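Everything below concerns the one structure shown next.
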Amino acid sequence: MADIREKYTVAGAGYVKYFDLPKTVEFALNRAYRLNLQRSRPLRILDLGCGFGVFGLIAQKWGHHYEGLDIWLPDSVDCRLFREVYATLHTAPRIDGGIQRFRPIPIPDGESFDLITAFQIVFHRFNQPDPWGEDEWRDLLRATATKLNPKGVLMLHFSKPDRAESLWPESVKKLFVQAAAHFDGPYVTITHLGIVNLQ
């Protein structure tokens, strides 16, 4: 791992900061404990925007099946960094693909999961001039429902936790409420049933 860190530090990758492993592992452990993975029955987990895949290592250690997905842009040094570290830490390859508005989740047909996570998400483009609105979020929730088992759960975790809720348009908040979401700071948890019951 030291050689990867050196290579991408020289290349100017912004996310070499995640090589601060005590902090990165602490974040991943906190997420795993929040989901009670240490006590749960074995789950099939899909992690959207998996990054290094450290959360997945913890999940696997506790007996869960884990698949990571992250965007693959060959010209992006950070994308290459994430992919190389993930390949070093995991025996199974990650799924290369991003979450895009009005596009299906890029995983093989027929796969379904008990838990779908998305930590520190930025694909909704909250800091861009065209952030996601109600229609994009409704489409994503319905897309996740097709990949969740009937008792499955979707956990979203937004970046900038000190002001996460202020970044959501009011219409998006109402959509999450309609889906019977549970709010806990930057975390939003929604069940498969809640998504299916969306009008």
Side-chain angles (χ1 to χ4, degrees), residues 14-15 17-18 20-40 43-60 62 64 66-71 78-79 82 85-86 89 94-95 97-101 105-107 113-128 131-134 136-145 147-148 152-169 172-192 194-195:
Y15 288 97
K17 63 183 180 181
Y18 289 154
D20 182 352
L21 291 183
K23 184 179 290 187
T24 298
V25 170
E26 180 184 3
F27 285 154
L29 271 172
N30 286 340
R31 292 161 181 167
Y33 280 123
R34 177 180 288 272
L35 288 160
N36 205 32
L37 295 186
Q38 78 280 13
R39 296 179 180 172
S40 170
L43 302 176
R44 286 183 54 84
I45 300 171
L46 174 64
D47 188 19
L48 307 178
C50 60
F52 283 5
V54 176
F55 168 73
L57 290 180
I58 295 167
Q60 289 173 320
W62 288 340
H64 304 285
Y66 173 86
E67 293 188 47
L69 178 150
D70 213 330
I71 194 166
D78 282 307
C79 284
F82 282 137
V85 172
Y86 189 97
L89 297 179
R94 72 172 203 177
I95 303 167
I99 302 301
Q100 301 178 54
R101 61 179 76 205
I105 297 174
I107 66 171
F113 299 87
D114 303 300
L115 173 64
I116 297 178
T117 57
F119 296 117
Q120 291 182 273
I121 56 175
V122 294
F123 53 72
H124 60 305
R125 300 164 62 90
F126 62 81
N127 58 350
Q128 300 297 321
W132 282 22
E134 178 183 356
E136 287 91 343
W137 276 109
R138 186 184 300 274
D139 184 74
L140 177 65
L141 292 181
R142 288 176 171 167
T144 59
K147 306 301 182 183
L148 278 172
V153 171
L154 168 68
M155 174 178 271
L156 304 170
H157 171 255
F158 290 82
S159 290
K160 302 189 181 297
D162 56 326
R163 54 191 184 92
E165 293 188 36
S166 68
L167 296 169
W168 309 333
V172 173
K173 294 181 186 179
K174 289 180 179 178
L175 180 68
F176 289 159
V177 169
Q178 288 176 14
H182 173 74
F183 299 88
D184 184 6
Y187 291 91
V188 180
T189 306
I190 308 176
T191 66
H192 176 268
I195 298 171

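Predicted model, so just to flag it, every value in this text is computed and none were measured.
- Judged as a side chain to side chain contact (heavy atoms under 4.5 Å, CB included), and not counting sequence neighbours, the contacts of Lys174 are Glu170.
- In this structure, CZ in Phe52 is found 8.0 Å from CG in Leu21, a value given to the nearest 0.5 Å.
- In this structure the side chain of Asp184 reaches within 4.5 angstrom of the side chain of Arg34, judged on heavy atoms.
- To the nearest 0.5 Å, atoms OH (Tyr33) and CZ (Arg39) are separated by 9.5 Å.
- In terms of heavy-atom proximity, Gly97 sits nearest to Leu69 at O-CD2, 2.8 Å.
- Ile58 and Ala28 get closest at one heavy-atom pair: CD1-CB, 3.6 Å.
- Looking at Gln38 and Asn36, their side chains come closer than 4.5 Å, going by heavy atoms from C-beta outward.
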Dump the intermediate steps for side chain to side chain contact (heavy atoms under 4.5 Å, CB included) on Ile116 and Leu148, then the final yes or no.
CA-CA 7 Å; Ile116 297 178; Leu148 278 172; 3.7 Å; yes

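- Between His64 and Ile45 the shortest heavy-atom distance is CB-CD1, 3.9 Å.
- Between the OG atom of Ser40 and the CG atom of Asp114 there is a distance of 8.0 Å, given to the nearest 0.5 Å.
- Annotation: side chain of Leu140 is in contact with side chain of Trp137 (closest heavy-atom distance under 4.5 Å).
- Remark: His192 NE2 to Leu154 CG distance equals 11.0 Å, nearest 0.5 Å.
- Within a 6.0 Å radius of OH in Tyr187, more than 12 heavy atoms belonging to other residues, nucleotides or ligands are found.
- In this structure Asp70 satisfies the side chain to side chain contact (heavy atoms under 4.5 Å, CB included) test together with Cys50, Phe82, Arg94, sequence neighbours excluded.
- Residues Gly133 and Val172 come closest through the heavy atom pair C-CG2, 3.8 Å.
- The side-chain heavy atoms of Tyr66 and Asp47, taken from C-beta on, include a pair separated by under 4.5 Å.
- Considering NZ of Lys173 and CG of Leu175, their distance stands at 13.5 Å, rounded to 0.5 Å.
- Residues forming a side chain to side chain donor-acceptor pair (under 3.5 Å) with Gln120 (at least two apart in sequence, or on another chain): Arg31.
- Shown here are the side chain to side chain contact (heavy atoms under 4.5 Å, CB included) partners of Ala181, two or more places apart in sequence or in another chain: Phe176, Phe183, Val188, Ile190.
- Residues Thr117 and Leu35 have side chains in contact (heavy-atom distance under 4.5 Å, counting atoms from C-beta outward).
- Considering only residues two or more places apart in sequence or on other chains, Glu67 meets the side chain to side chain contact (heavy atoms under 4.5 Å, CB included) condition with Arg44, Leu46, His65, Ile95, Glu111, Phe113.
- Between Leu37 and Leu43 there is a side-chain heavy-atom pair separated by less than 4.5 Å.
- Residues satisfying the side chain to side chain donor-acceptor pair (under 3.5 Å) test with Asp78, not counting sequence neighbours, are none.
- The side-chain heavy atoms of Asp139 and Glu136, taken from C-beta on, include no pair separated by under 4.5 Å.
- Across every non-hydrogen atom of Ile107 and Lys147, the tightest pair is CD1-CD, 3.5 Å.
- Minimum heavy-atom separation, Thr24 to Val54: CG2-CG2, 3.9 Å.
- For the atom pair NE2 of His157 and CZ of Phe27, the computed distance is 8.5 Å after rounding to the nearest 0.5 Å.
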